[in-house]
Protein chains: 2
Amino acid sequence: MTENTVLTKLLDLAVELIQTRGYNAFSYRDLSREIGIKTSSIHYYFPSKEDLGKAAMARYRENFNQSLSRIDSAVQAPTEKLMRFSELASGTLKSCDKICLGGMLASDFHTMPDSIREQVRGFYNDNEAWITKVLKSGCEQAVFNFEETPEKMAQAIFALLEGAIISARIFKDESRFHASMNSINALLTSKP
Amino acid sequence: MTENTVLTKLLDLAVELIQTRGYNAFSYRDLSREIGIKTSSIHYYFPSKEDLGKAAMARYRENFNQSLSRIDSAVQAPTEKLMRFSELASGTLKSCDKICLGGMLASDFHTMPDSIREQVRGFYNDNEAWITKVLKSGCEQAVFNFEETPEKMAQAIFALLEGAIISARIFKDESRFHASMNSINALLTSKP
DNA sequence: AGCTACCTATCTATGAGTAGGTAAAACGCG
DNA sequence: CGCGTTTTACCTACTCATAGATAGGTAGCT
C-alpha cells in the first residue's frame, strides 16, 4: 500500500505546502506543526531545505510520470490521451487552493538552488516530451493537423495548462481551466 | 518626464524584485540596499509590505493599461493588436530574469492579503477584457473564426501568455515565448 | 511652528541550521 | 541465547541572520 512513514508524510506535506504557498512561504515549522515532530528532527530526514525541495519536486515528477504511463496503457487515441492529461492537470487544482508544483517552482525559479532548478526543468521536459509524442502519433493518424512543429505545439499546450491552473485558482473558478482545455482541440485542428 | 522621486524609485524596484524573486522572497532590506535609504524610511512611504505590494501591482497594472491604450491608438487591425500585445508581454521577460508581475503574484496568491489579491484579479480582468474586445472586433471583421466565446478564448490566450513567459524564463529561451505566440494565430482561425 | 524626509535604535517573531543528548530497536558475535 | 555495540529516530536547547514593524529623534525647508 501507500507507505506511511514519517519521511513520505513529510514529503507529501511539503509538496502540498509548496503547491499552495510556494517555496519561500513554507517552513520546517509548518511541517513540524502538522506532522508532530520537531523542526530539528526534520533536518534528520532532510539536512537542508534544498534537499527537501529537490526531493519534493522529484517525487511529484515521478508520480506525474507514473500517471502518464497509466494513461498510455489505458487509452490509445491521441485525443483521448490529451483529455486524460488535462484531467490529470485539473486534478492538481483540488478545490482551487493548489497549483501545479512545477508551475509554482518555475515562478520561484530565481530564488532556488540549482539542484531544484534541474528537477523543475526535468518536469517540464518530461511533460512536453510526452505531449510531443502524443501529438506526433496524432499527426500520423491524421487526427491532428497543425502548422507548428509538435515540439513547439507541446510547449504551447503545456504553457496553456500551467497558466490556466494559476488563473483558475485566483478566480476560484475551475471552469476557467476546462475552458482552456477546449481551446486545445481547436489548436490541433487548425490547418485548412 | 518620468518622475524620479524616491517613492517611484521604490515602487519601480519593488515591481522588479517581485517579478524576479516573488512577493515572499524580497524584503525592505533589498530595497534599502539598492535605493540607499534605511528600511525604516521605507515604512514612511509604505507603512506595511501590504501597502507596497498593492501599490506595486497597481502601478504595473496602470502602466500595462496605458500600453494597451497606446496599442489601440497605434494600430487598428485585430491581428496586429494581438501581435503588439504579445510583444508587450515578451518585453516583461527582459533577458529572461523576470516574469509578469501578475503571473508572479497569482502564484503567490495564497500568501497575500486581500487588497493585493484584488489588484491581481483586476490585472487579469483588464487584460482579458482588452483581448476579448479585440477578438470580438476580429470576429465582426471575419478575420477570426473560432468556436469558443471571445471571453473564454481571451482567458485561454492570456493563460498561454503567462505560462509561456514562465517557461521561457526557466529555460532561458525567449523563443519558447514566441513559439507560443504563433500558435495563438492557429487558435483563432480554427473553424473549418 | 510645523511638516517632510529621513535617521538611530529597538522589538518581537521567524527563518534555517547545529550541537549534543537519549531511549529503543537492530545487529554482530562468541 | 545473550551481551555489547551501533544505528535509528527522535528530542532539547541553542545560534545567528533576517523579517516586518515601531518609537522617537532631527535637520532643513515652508
Side-chain angles (χ1 to χ4, degrees), chain A residues 2-57 104-105 107-117 119, chain B residues 3-58 104-105 107-117 119:
Chain A
T2 314
E3 288 194 58
N4 230 16
T5 63
V6 171
L7 196 139
T8 56
K9 279 203 282 186
L10 280 170
L11 224 34
D12 287 341
L13 185 57
V15 167
E16 198 175 313
L17 284 173
I18 300 175
Q19 281 185 270
T20 51
R21 310 175 48 76
Y23 184 73
N24 298 296
F26 96 100
S27 69
Y28 277 39
R29 205 179 242 218
D30 298 325
L31 295 167
S32 165
R33 263 191 285 264
E34 194 90 8
I35 306 280
I37 68 172
K38 298 291 164 179
T39 60
S40 52
S41 307
I42 301 174
H43 283 282
Y44 168 75
Y45 294 100
F46 302 100
S48 73
K49 197 181 182 182
E50 173 174 355
D51 296 314
L52 175 55
K54 186 174 57 180
M57 184 72 249
M104 182 60 94
L105 293 183
S107 293
D108 291 336
F109 208 68
H110 263 55
T111 68
M112 287 186 330
D114 272 338
S115 64
I116 305 184
R117 292 185 186 190
Q119 284 295 327
Chain B
E3 287 194 58
N4 228 17
T5 62
V6 172
L7 196 139
T8 57
K9 279 203 281 186
L10 280 170
L11 223 34
D12 287 340
L13 184 57
V15 166
E16 198 175 313
L17 285 173
I18 302 175
Q19 280 185 270
T20 52
R21 311 175 45 77
Y23 184 73
N24 298 296
F26 96 100
S27 69
Y28 276 40
R29 207 180 239 216
D30 299 325
L31 296 167
S32 164
R33 262 192 287 261
E34 194 89 9
I35 307 280
I37 67 172
K38 299 290 164 180
T39 61
S40 52
S41 306
I42 302 174
H43 282 282
Y44 169 73
Y45 295 100
F46 301 101
S48 75
K49 198 180 182 184
E50 173 174 354
D51 295 315
L52 176 55
K54 186 174 56 181
M57 184 72 250
M104 182 59 95
L105 293 183
S107 293
D108 292 335
F109 208 69
H110 263 57
T111 68
M112 289 185 330
D114 272 339
S115 64
I116 304 185
R117 293 186 186 190
Q119 283 295 329

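Remember, it's a predicted structure, so these values are computed and weren't measured experimentally. Letters go in sequence order (proteins before strands), and every chain restarts at 1.
Residue S41(B) has its side chain nearest to dC7(C) when only dC11(D), dC7(C), dA21(D) are considered. Of the candidates dC10(D), dT8(C), dA19(C), dC10(D) carries the atom nearest the I37(A) side chain, counting heavy atoms from C-beta on. Across dG17(C), dC10(D), dA21(D), the shortest atom-to-atom separation from the side chain of K49(B) is found for dA21(D). Checking dA21(D), dA16(C), dC6(C) against the side-chain heavy atoms of V6(B) singles out dC6(C) as nearest. Comparing dA9(D), dT12(D), dA21(D) by their closest approach to the side chain of Y45(A) singles out dA9(D). The side chain of K38(B) has dC7(C) as its nearest neighbour among dC11(D), dT18(D), dC7(C).
As judged by a 4.0 angstrom heavy-atom cut-off over every strand, Y44(A) is placed among the base-contacting residues. Across all strands, S40(A) comes closer than 4.0 Å to base atoms (heavy-atom distances). F46(B) comes within contact range of no nucleotide atom at all, as no heavy-atom separation falls under 4.0 Å.
In this structure, the side chains of L7(A) and F46(A) come closer than 4.5 Å at one or more pairs of heavy atoms.
Protein atom NZ of K9(B) is 14 Å distant from nucleotide atom P of dA5(C), rounded to whole Å. Between the P atom of dT18(D) and the CD1 atom of I42(B) lies a distance of 16 Å, rounded to the nearest Å. In this structure, CG of L7(B) is placed 13 Å from P of dT4(C), rounded to the nearest angstrom. Rounded to an integer number of Å, the gap from L31(A) CG to dA16(C) P is 9 Å. Distance, M112(B) CE to dG20(D) P: 15 Å, rounded to whole Å. Taking atom CG on N24(A) and atom C1' on dT14(C), their separation rounds to 14 Å, with Å as the unit. Between the CD atom of E50(A) and the C1' atom of dG15(C) there is a distance of 16 Å, given to the nearest Å. One can place OH of Y28(B) at 15 Å from P of dC6(C), the figure rounded to the nearest angstrom.
The number of heavy-atom neighbours closer than 6.0 Å to CD of E34(B), taken from other residues, nucleotides and ligands shown, is 12 or below.
Between the side chain of D12(A) and the backbone N or O of K9(A) there is no donor-acceptor pair closer than 3.5 Å. Remark: side-chain polar atoms of D108(B) are paired, donor with acceptor, to backbone N or O of Y23(B) under 3.5 angstrom. Proximity of a side-chain donor or acceptor of Y28(A) to a complementary backbone N or O of K49(A) within less than 3.5 Å is detected.
Contact annotation: S27(B) reaches the phosphate of dA19(D) (side-chain N/O to OP1 or OP2, under 4.0 Å). For the pair R29(B) and dA19(D), the criterion of a side-chain N or O lying under 4.0 Å from OP1 or OP2 is met.
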